Protein chains: 2
Amino acid sequence: MKVPASLRDQLLDHAEAMLEAGESEPGIRALARAAGVSAMAPYRHFADKAALLTAVAERGFATLAAELAAADASGSDAERLVAQGRAYVAFARARPALFRLMFARPTEGDPAPEKTRENAPAFAILADRVAALAGRDAADATLGCWAIVHGLATLALDSRVDAPPAQVSAVLALYVAGISRPT
Amino acid sequence: MKVPASLRDQLLDHAEAMLEAGESEPGIRALARAAGVSAMAPYRHFADKAALLTAVAERGFATLAAELAAADASGSDAERLVAQGRAYVAFARARPALFRLMFARPTEGDPAPEKTRENAPAFAILADRVAALAGRDAADATLGCWAIVHGLATLALDSRVDAPPAQVSAVLALYVAGISRPT
DNA sequence: CAGAATATGTGTACGGTGTAAACGAAGGAG
DNA sequence: CTCCTTCGTTTACACCGTACACATATTCTG
């Protein structure tokens, strides 16, 4: 019963695979070749290269959100928060090219964490955790939290730091300790 | 006395200008055109496009380090640290393309903050400030500090957050408050 | 069912890129 | 003067994204 997957999905799959293989920006022609189709065929499914890559990025955000949610599944609030952070950085280190691509896509609308569609769900979960820990300044704390893990992730991708899980935990735990204190 | 600047410097200048003008990756040919020279001329001065862009990045790190040092010039330890953070993010927001380019260049050697040549000087200053504030966990705190500002900077460039100076100050001040407390 | 409309893929072509290879012209050293 | 080095040019190739015109297949409509 395995119908041969629409070309659209094939292209996205190959793009994801090439990203995972280290390619920083899969090209339309390469993807078409991989799918055994002419160079112009992809354009029946995507307006242009950017649109295709944006679709890949969207997938990436979905799986990132899933992994974050999984990490957030159990433990104390603080533990969950730290686990999320580890998952975030782990995702970035496991799929560097994809991670970079995801955040390199231009966003529509104003810059605000909860306004940017792809980040909204994950950001909401994070905000919940932080709210449970920090009384006042919850907004700043949430942003700081995201900034820390995102910073560690990108610095790791650009090999400015190593950022193994243990280090992420340590840095994040320190932050949590500083945040969660009587108002 | 104005000798007409070596082609090498002209190319770097134009590259910097084009980056400042929004171009994400100035091309060899475009730079050659800007310098009024043939497309192959740049290759007399740079092995390839990557080498040229790396040279631009190096310049960028130098001016970033200078701006950080300037911000660090006066005030209490905490104030200096926060000022550095503001300067870091301000730099990124003022020269988004350059900032991205700087960190996108591959680094030689192991990933370690103080080992990566371009970052070493600025990182050392940062480490000093943090050491003066946090007793134990100074290493983690330093890394956390860098991660926060770098995270804010990159998230701002990818328009995930706005990150105006006030926000940077707030987030960073919160972190400093959490860090600097009786051992 | 016929015929038209829509969806999907192909072939060709244009202008852009980075860069390899071979060639010239200018100046200093023997 | 001749030779070598430095700096630039010309030409050419392979690749890229994509506009345009065409073929075919599927589906909708009367």
Side-chain angles (χ1 to χ4, degrees), chain A residues 1-60 97-98 100-102 104-106 108, chain B residues 1-60 97-98 100-108:
Chain A
M1 289 309 264
K2 196 181 57 172
V3 7
S6 76
L7 176 56
R8 176 164 206 276
D9 292 346
Q10 284 190 65
L11 291 170
L12 293 179
D13 289 346
H14 280 120
E16 215 162 331
M18 289 173 62
L19 282 171
E20 219 122 344
E23 222 78 26
S24 56
E25 274 228 337
I28 290 276
R29 289 177 113 109
L31 290 172
R33 267 193 303 270
V37 92
S38 87
M40 285 302 293
Y43 288 91
R44 288 290 145 192
H45 303 271
F46 300 96
D48 54 9
K49 188 187 173 184
L52 196 164
L53 294 183
T54 297
V56 178
E58 213 119 351
R59 276 194 182 188
L98 175 58
R100 246 193 282 258
L101 182 79
M102 285 162 54
R105 297 293 93 198
E108 75 275 2
Chain B
M1 293 306 265
K2 195 182 56 170
V3 10
S6 75
L7 177 55
R8 174 160 208 273
D9 291 346
Q10 284 189 65
L11 291 169
L12 293 179
D13 289 346
H14 280 120
E16 215 162 332
M18 289 172 62
L19 281 172
E20 218 122 345
E23 222 79 26
S24 56
E25 275 229 337
I28 290 275
R29 289 176 113 108
L31 290 172
R33 266 193 303 271
V37 93
S38 87
M40 286 302 291
Y43 288 92
R44 286 287 140 195
H45 302 272
F46 299 97
D48 54 9
K49 188 186 174 185
L52 195 163
L53 294 182
T54 296
V56 178
E58 214 119 350
R59 275 194 181 186
L98 175 58
R100 246 192 283 258
L101 182 80
M102 284 162 54
F103 286 92
R105 297 292 94 198
T107 61
E108 75 274 3

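Chain letters run A, B, ... following the sequence lines, proteins first and then strands; every chain starts at 1. Basis for what follows: all heavy atoms, side chains included, without hydrogens, waters or symmetry-related copies. Because the structure is predicted, anything quoted here is derived from the model rather than measured.
Atom CG of Asp13(A) and atom CZ of Arg59(A) lie 4.5 Å apart (nearest 0.5 Å). The line from CE of Met18(B) to CD of Glu23(B) is 4.5 Å long, rounded to the nearest 0.5 Å. One finds the CZ atom of Arg29(B) at 9.5 Å from the OG atom of Ser38(B) (value rounded to the nearest 0.5 Å).
Listed by chain and residue number, Leu19(B) satisfy the side chain to side chain contact (heavy atoms under 4.5 Å, CB included) test with Ala97(B) (two or more places apart in sequence, or in another chain).
Between Arg105(B) and Glu58(B), none of the side-chain N atoms (NZ, or NE/NH1/NH2) sits under 4.0 Å from a carboxylate O, so this pair counts as no salt bridge.
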- Kindly indicate, with the supporting measurements, whether the criterion side-chain contact (heavy atoms from CB on, under 4.5 Å) is fulfilled by Leu11(B) and Phe46(B). CA-CA 10 Å; Leu11(B) 291 169; Phe46(B) 299 97; 4.0 Å; yes

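Protein chain A contacts DNA chain D from dC16(D) to dC20(D), reading 5' to 3' and using non-hydrogen atoms of the protein with a distance under 4.0 Å.
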- Query: In the 5'-to-3' direction, what one-character label does each nucleotide of nucleotides 17-27 of chain C receive under the scheme B = base within less than 4.0 Å of a protein heavy atom, S = sugar-phosphate only, - = no such atom?
  - Reply: BBBBB------

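At a threshold of 4.5 Å between non-hydrogen side-chain atoms, the residues Leu31(B) and Val37(B) do not count as touching.
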